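Note sheet for the following structure.
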There are 2 protein chains.
Amino acid sequence: MTTRGARAAGRGDLFDPQCPTRQLLDRIGTKWTSMAVKTLADAAPDEVRFAELRRRMPGISQKMLSVTLRSLTRDGLVSRRVDPTVPPQVSYRLTELGSSLEAALAGLRTWAEEHMAEIDRANEAADEG
Amino acid sequence: MTTRGARAAGRGDLFDPQCPTRQLLDRIGTKWTSMAVKTLADAAPDEVRFAELRRRMPGISQKMLSVTLRSLTRDGLVSRRVDPTVPPQVSYRLTELGSSLEAALAGLRTWAEEHMAEIDRANEAADEG
DNA sequence: CAGGATCCGGCTGGATACTG
DNA sequence: CAGTATCCAGCCGGATCCTG
């Protein structure tokens, strides 16, 4: 629910014990999650190594890529395979669950590509128009 | 891009000057935005007054409802109508643009309702399984 | 190579008090 | 009634340094 904090001021979040949509948005809403899913989806069914993933996600730091992938792996959206060589090679790939999420995200992307310009215009109009 | 800050450390976000999807996620990812859109969509085509909206969004504070609505209005997703009585009455309604966003969000909601349980299970499994 | 640990600034959002 | 203003805690995420 995002309305974390367990006891929340007085009441408030007892009404919807767990809203799945908010739980989902709390994940894909973080800065790099959706880009990681997209990047892995574009590569599928191939797996992608950490460094390559980093290269394909301009601007992400080593830390945030690591954090993002760990989170996705915990969620069962991404599978992680370690090749115990020296130096180690770690590869990632979307799971089936991850692929189905990507399909759902594609809808949002389409909407964004079609309509974000309108939102921008609305903002400019509000600024002074 | 979220990678705000215009000049970003060195380079990094120059590669995708404006990713519409991130811009969108930066909006609907905020805590109350999607719930507000959903609540207004459920009421459509009727408009909803501030206080009533507040009642229908358990847990939201006056401030956050105000901030959320102002943002949605600026984005052209919600229209705002003021009835200049005393005390004033202000009503909100989804615009067409807002309705189309709601349609896109519905896809995410469906996915969330169908799959969040799997994600929860994956997390439990990771915790100790 | 992959990623853990640490430090820290900035933004998000909650509580509270005050207005037209 | 419908906000706005202020204060402040907590979390997100960036930079940097270190390791198997």
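The structure presented is a predicted model; accordingly, all values stated were derived computationally and were not measured.
- Looking at B:Arg56 and B:Asp42, no side-chain N of the basic residue comes within less than 4.0 Å of a carboxylate O on the acidic one, giving no salt bridge.
- Taking only side-chain nitrogens and oxygens, A:Lys31 comes nearer than 4.0 Å to OP1 or OP2 of D:dG14.
- Between the P atom of D:dC1 and the NZ atom of B:Lys63 lies a distance of 21 Å, rounded to the nearest Å.
- With rounding to whole Å, B:Arg49 atom CZ is found 8 Å from D:dC1 atom P.
- Whole-Å rounding puts the B:Glu52 CD to D:dG3 C1' distance at 18 Å.
- In this structure, A:Leu53 places its CG atom 15 Å from P of C:dC1, rounding to the nearest Å.
- Distances shown here put a side-chain N or O of B:Arg70 below 4.0 Å from the OP1 or OP2 atom of D:dT4.
- One finds a side-chain N or O of A:Ser66 lying less than 4.0 angstrom from the OP1 or OP2 phosphate oxygen of C:dG4.
- Minimum heavy-atom separation, B:Phe50 to B:Leu65: O-CD2, 3.6 Å.
- Counting to the nearest Å, the C1' atom of D:dT4 and the CZ atom of B:Phe50 are 11 Å from each other.
- Protein atom CZ of B:Arg27 is 14 Å distant from nucleotide atom P of C:dG13, rounded to whole Å.
- The 5' end of DNA chain D is approached more closely, in terms of each residue's nearest nucleotide, by B:Ala51 than by the other of A:Pro87 and B:Ala51.
- Following rounding to the nearest Å, B:Met57 (CE) and C:dG13 (P) show an atom-to-atom distance of 12 Å.
- Projected onto DNA chain D by closest heavy-atom contact, B:Gln89 and A:Ile60 fall at different nucleotides, the more 5' of which corresponds to B:Gln89.
- Regarding A:Leu25, its CG atom lies at a distance of 16 Å from the P atom of C:dT12, rounded to whole Å.
- Using a 4.5 Å cut-off on side-chain heavy atoms (C-beta onward), A:Arg27 and A:Asp75 make contact.
- Taking every side-chain heavy atom of B:Thr30 into account, C:dG13 is the closest of C:dG13, D:dG14, C:dC1.
- Checked against D:dG14, D:dG3, D:dC1, the side chain of B:Tyr92 finds its nearest nucleotide in D:dG3.
- No option in B:Arg54, B:Arg55, B:Arg49 other than B:Arg55 meets the salt bridge (charged side-chain N to carboxylate O under 4.0 Å, His left out) test with B:Glu52.
- Here A:Arg80 does not reach the OP1 or OP2 of C:dA2: none of its side-chain N or O atoms lies under 4.0 Å away.
- For the 3.5 Å distance criterion, the side chains of B:Thr68 and B:Ser71 fail to qualify, holding no donor opposite an acceptor.
- An OP1 or OP2 oxygen of C:dC1 is reached within less than 4.0 angstrom by no side-chain nitrogen or oxygen of A:Thr85.
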